[in-house]
Amino acid sequence: MSYSAENVFEGDLTLILGMIWCLILRFSVAGISEGDQTAKEGLLLWAQKKVHEGSNGTVEVKNFHQSWQNGMAFNALLNACAAAGVGGR
């Protein structure tokens, strides 16, 4: 995928969010690991658990791309976080 200044100027939210995610992965998440898992793998595992909890097992997350496209995983994640309280406790 290619990003350009025009995408930002035109307000293309899909490409802007994709660019932000790539920057987060590149500069914040890529170098972190815990045990034998990378930070991205750990984040995916956390998201899978939260989405399962927030959807009562009806929504499955397999990756950070296709699993989020229809909005169901995002809604389930919000539901799980709301049920846990603002701090996610």
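- For Trp68 (side chain) and Asn63 (main-chain N/O), a donor-acceptor pair under 3.5 Å exists by modelled atom type.
- The two atoms that bring Gln37 and Gly42 nearest to each other are OE1-CA, 3.7 Å, heavy atoms only.
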### Query
Stepwise, does the side-chain contact (heavy atoms from CB on, under 4.5 Å) test hold for Lys50 with His52?
CA-CA 5 Å; Lys50 287 294 181 183; His52 185 271; over 6 Å; no
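- No single ILVMFWY cluster, assembled from side-chain heavy atoms under 4.5 Å apart, contains both Leu45 and Val61.
- Asp36 approaches Glu41 most closely through the heavy-atom pair O-OE1, 4.0 Å.
- Hydrophobic clustering keeps Val8 apart from Leu17 (ILVMFWY residues linked when any side-chain heavy atoms are closer than 4.5 Å, directly or through intermediates).
- No chain of hydrophobic side-chain contacts below 4.5 Å, direct or via other Ile, Leu, Val, Met, Phe, Trp or Tyr residues, connects Leu13 to Phe74.
- Counting non-hydrogen atoms of neighbouring residues, nucleotides and ligands closer than 6.0 angstrom, the CE atom of Met72 reaches no more than 12 such neighbours.
- Listed for the Ser55 side chain is no donor-acceptor partner under 3.5 Å among the backbone atoms of Ala76.
- Under the 4.5 Å side-chain heavy-atom criterion for grouping Ile, Leu, Val, Met, Phe, Trp and Tyr, Leu43 is connected to Ile20 within one hydrophobic cluster.
- Gln69 and His65 are linked by a side-chain donor-acceptor pair at a separation below 3.5 angstrom, with hydrogens and angles left out of the test.
- Rounding to the nearest 0.5 angstrom, the gap separating the CG atom in Asp12 from the CE atom in Met19 is 10.0 Å.
- Interatomic distance, Ile16 CD1 to Glu10 CD, rounded to the nearest 0.5 Å: 9.5 Å.
- With hydrogens and angles disregarded, no donor-acceptor distance shorter than 3.5 Å links the side chain of Asn79 to the backbone of Asn75.
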### Task
Begin from the C-alpha positions of Lys62 and Leu44 and carry the test side-chain contact (heavy atoms from CB on, under 4.5 Å) through to its verdict.
CA-CA 8 Å; Lys62 295 181 180 180; Leu44 180 60; over 6 Å; no
